[in-house]
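Here's the structure, in structure tokens; my notes come after.
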Amino acid sequence: MASTSTTIPAEKKVRQSKWDDEEVIALAAYVKDHRSHLFGSAGGHGIEKVKRRHWEEAARVVLSTKGKTRGGADAMRKKWADISYRAKKYRRNRNGKGITGGGSQPAYNASLEAVLDALPDVITDGITTLASCETVPSMESQDEMTPAACSAPPLKPTKKRKRAKGRDVELLELNQQLLGIEKQKLRYEEKKLENQAKIYEVLKQINANLERLVHMPVDLSLLNALPEQ
């Protein structure tokens, strides 16, 4: 019995026409339904065979949409990495995070919205998870260069960063201790000034009393009244 599966022609290194929105939406829908097979932890030969088989099936789905040959598994992987990047940039601009120079928000794009819907919910701006891409995107867009797709999970804080954070905490605690010592020294100086002011007042009163005694007139009759020796 002859096979009824669609055969994908060998990929040729020729510039293809721009993808239609229907083709992008069809690819996004397939990716959304088969993410567990298309992505995941890279590793054994068996896993890669499963991935390639599903990407080839994605190529057949795209071919059946408009009847245009878009290449095989490798072309689909590159196309998905490319449109995933553009979809995330579209979302940042739509949210007003990537617009500079007074630019306006992009118009609604159904194909890119479909791509965003196929991406994992945990994706955030600037951080791409392993489940969203895995290959280097194509250079179909001539107006911008797309970065290499991810091949590893988001980076976790390194031991060096943890040590730096620990040093910052220790430095903060040391500064607080020094501040407490300076406050104690200030209170001591204030108390010292208060005591000096009190001593000054006492000495001032003693000096006034001595001046009064020096200038006090002497009664000579008292001297005459003294008994002779």
Side-chain angles (χ1 to χ4, degrees), residues 2-93 98 106 108-123 125-154:
S3 174
T4 59
S5 61
T6 304
T7 302
I8 303 299
E11 299 183 32
K12 296 181 181 180
K13 294 183 179 180
V14 295
R15 185 172 180 82
Q16 298 179 349
S17 60
K18 183 179 178 181
W19 280 47
D20 295 326
D21 287 347
E22 292 85 349
E23 293 175 297
V24 175
I25 293 173
L27 177 59
Y30 182 85
V31 169
K32 182 178 180 180
D33 293 338
H34 299 85
R35 281 189 307 212
S36 60
H37 298 294
L38 293 170
F39 309 109
S41 301
H45 182 65
I47 295 177
E48 290 303 317
K49 287 181 64 176
V50 171
K51 290 182 179 181
R52 187 167 189 85
R53 185 168 66 249
H54 280 83
W55 280 119
E56 289 174 349
E57 181 61 28
R60 296 187 183 92
V61 170
V62 173
L63 176 62
S64 66
T65 303
K66 302 290 276 190
K68 298 178 182 179
T69 302
R70 297 300 186 182
D74 293 338
M76 293 300 105
R77 296 171 90 161
K78 291 180 180 180
K79 182 62 180 180
W80 180 252
D82 180 67
I83 59 178
S84 296
Y85 169 77
R86 289 192 286 115
K88 285 178 280 186
K89 183 177 180 180
Y90 158 80
R91 179 177 58 186
R92 289 195 299 271
N93 292 339
Y108 178 84
N109 189 308
S111 62
L112 294 182
E113 290 288 347
V115 174
L116 290 174
D117 185 54
L119 294 176
D121 295 334
V122 295
I123 263 193
D125 291 335
I127 301 177
T128 309
T129 61
L130 202 66
S132 64
C133 55
E134 60 174 358
T135 58
V136 177
S138 64
M139 295 302 298
E140 293 183 22
S141 301
Q142 298 298 319
D143 57 337
E144 62 183 9
M145 294 184 64
T146 56
C150 63
S151 59

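Only a predicted model underlies this, so the values are computations on that prediction, with no experimental measurement involved. Starting from 1, each residue takes its place in the sequence as its number.
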- Query: Donor-acceptor pair, Tyr90 side chain versus Asn109 backbone, under 3.5 Å?
  - Reply: yes
- Taking C-beta and beyond as the side chain, do Trp19 and Ile25 meet within less than 4.5 Å on heavy atoms? no
- Measuring from Asp21:CG to Glu113:CD, what's the distance to the nearest 0.5 Å? 12.0 Å
- Note on the structure: Between Ala28 and Trp80, the two heavy atoms sitting closest are CA-CZ3, 3.7 Å
- Pairs in or reaching into residues 22-31: which pass side chain to side chain donor-acceptor pair (under 3.5 Å), with residues at least two apart or in two chains? Glu23-Arg70
- Please report the shortest heavy-atom distance between Leu119 and Ser84, naming the atom on each side. CD2-OG, 3.9 Å
- Calculate, to the nearest 0.5 Å, the distance between atoms CE and CH2 belonging to Met76 and Trp55 respectively. 8.5 Å
- Message: Which heavy atom of Leu116 sits nearest to which heavy atom of Lys88, and what is that distance?
- Response: CD2-N, 4.1 Å
- For the student: nearest non-hydrogen atoms of Ala87 and Val115, plus distance: CB-CG1, 3.6 Å
- Query: Does the salt bridge (charged side-chain N to carboxylate O under 4.0 Å, His left out) test come out yes or no for Asp82 and Arg86, once each step is laid out?
  - Reply: CA-CA 6 Å; Asp82 180 67; Arg86 289 192 286 115; 3.2 Å; yes
- Message: Is any side-chain heavy atom of Glu57 closer than 4.5 Å to one of His34?
- Response: no
- Stepwise, does the side-chain contact (heavy atoms from CB on, under 4.5 Å) test hold for Ile83 with Leu27? CA-CA 10 Å; Ile83 59 178; Leu27 177 59; 4.1 Å; yes
- Could you walk me through whether Arg52 and Lys49 pass the side-chain contact (heavy atoms from CB on, under 4.5 Å) test, one step at a time? CA-CA 5 Å; Arg52 187 167 189 85; Lys49 287 181 64 176; 5.9 Å; no
- Please step through salt bridge (charged side-chain N to carboxylate O under 4.0 Å, His left out) for the pair Glu56 and Arg53, ending with a clear verdict. CA-CA 5 Å; Glu56 289 174 349; Arg53 185 168 66 249; over 6 Å; no
- Message: If I compare all heavy atoms of Leu63 with all of Lys68, which pair ends up nearest, and what's the gap?
- Response: CD1-O, 3.3 Å
- Item | Minimum heavy-atom distance Ala59-Gly71, with the two atoms named | CB-O, 3.4 Å
